[in-house]
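The chain is numbered in sequence order, starting from 1. Counting starts at 1 for both ligands and their atoms, in listed order. Just so it is clear, the values below take in all heavy atoms, side chains as well, and ignore hydrogens, waters and symmetry mates.
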Amino acid sequence: MSGQFELDSKEVALRARDVVVEYKRKHMPSVRALAGMSLDVLRGQVHGLVGESGCGKSTLGRAATGLVGITSGSIDFEGKPVKPLGLRPRPRHFRRLQMIFQDAHASLNPRRTVGDQLADALRRSQDTPSPDRDRRILVALERVGLPEAATKRYPSDFSGGQRQRICVARSLVADPTVIIADEPISALDASAQAQISNLLAELARDLGIGILFISHDLAIVRQVADVVTVMYLGKVVESASTDQLWAQPLHPYSQALIAAAPAHDGLGTLPEALAGDIPDPAIPPTGCRFHPRCKHAFERCPVEEPALLDVGERRRCACWLQAEKSWAGGESPQAPGGGSGGLVS
Ligand code: SF4
């Protein structure tokens, strides 16, 4: 890996390297949901992971918590390899790696009070019963903006946004280092979306938690993420700081995604739809996977696959146009060692 992007391993809480997740299918070609994906989540940072439905971003979140086994590559949480979940309870250390799902309603037990569910989560995260159990539950609830009275109530007594807050509180009692938030706002109304997104950004800033914020909503990601990784068909196509990406997206797919997001410019500018459908990951296009939809594609694109290269200060891009631009400028673009990518601090 190039030195420019080598991050201090003390800062990196979750590290994925060249992760492949392949689903076997009977009498049909296997599906590579992840085709060599690398990414670092740092403490205290919101890392946005974006891309269209089916690009593999949720698979990465599930693989990172052991809900899905990986075919090859590695995923480490605080330096220890994440193993697929089995029937045995998760090792306690990994309980500091928490996940929040899209459907808060389905994530909570409708028959148990909120207080009991938070107490269960606390018990599972500790070696010995916590003497200050009740206080910790109240602190977690307060942190997410819910009153003490919530402990006595059931999930059905709350709105969708409040239920997602309960899920966040439940993850907080485990004193997490990383929270993987998989489309945490998709099922919420606009005001609850903004509240939950801001809450997660506050947790990163105030408590130093690394948040992997998986979403297809670019407008929200732009508001809350410090860095963004853009995925297409199981691979990283670009990674950059949020400001860099919006100021100057380099990959044609990033450009198209940003153009397709509604703009709040007061001029009523309509978003530009991204042409074509995402291809079947079981039969990905040859060369650059994006070439059938790319308006800049040229002869080389369907033939050779571009590597993810360092293309500037803490940013990477996998596109022949960027590679050729660097070569024309006399620079030698660097491929991260071992094919790693998506590493932006
Ligand atoms: Fe488009 Fe070619 Fe770049 Fe792929 S490599 S994004 S097809 S220009």
Thr177/Glu78 under side-chain hydrogen bond (donor to acceptor under 3.5 Å, both in side chains): CA gap, chis, key distance, verdict: CA-CA 9 Å; Thr177 312; Glu78 295 187 322; 2.9 Å; yes

Test log, rule side-chain hydrogen bond (donor to acceptor under 3.5 Å, both in side chains), inputs His47 and Thr229: CA-CA 7 Å; His47 192 129; Thr229 292; 2.7 Å; yes

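Contact atoms of ligand 1 toward His251: 6 (S) (distance under 4.0 Å to a heavy atom of the residue). Using a 4.0 Å cut-off to heavy atoms of Leu321, the atoms of ligand 1 that qualify are 8 (S).
Here Cys288 reaches atom 4 (Fe) of ligand 1: one of its N/O/S atoms is less than 2.8 Å from the metal. For a distance bound of 2.8 Å, the N, O or S atoms of Cys301 include one lying that close to atom 2 (Fe) of ligand 1. At least one N/O/S atom of Cys319, whether from backbone or side chain, sits less than 2.8 Å from atom 3 (Fe) of ligand 1.
Looking at heavy atoms from C-beta onward, Thr71 lies out of side-chain contact with Val19 at the 4.5 angstrom threshold.
At the top of the distance list for atom 5 (S) of ligand 1, counting protein heavy atoms only, stands Trp320 N, 3.3 Å. Nearest non-hydrogen protein atom to atom 1 (Fe) of ligand 1 is Cys294 SG, 2.3 Å.
Tyr232 and Arg293 share a side-chain donor-acceptor pair at under 3.5 Å.
A salt bridge links Glu22 to Arg32: one of the charged nitrogens lies within less than 4.0 Å of a carboxylate oxygen.
Taking the six-membered ring where tryptophan is involved, the planes of His251 and Phe290 are tilted, since the angle between them lies from 30° to 60°.
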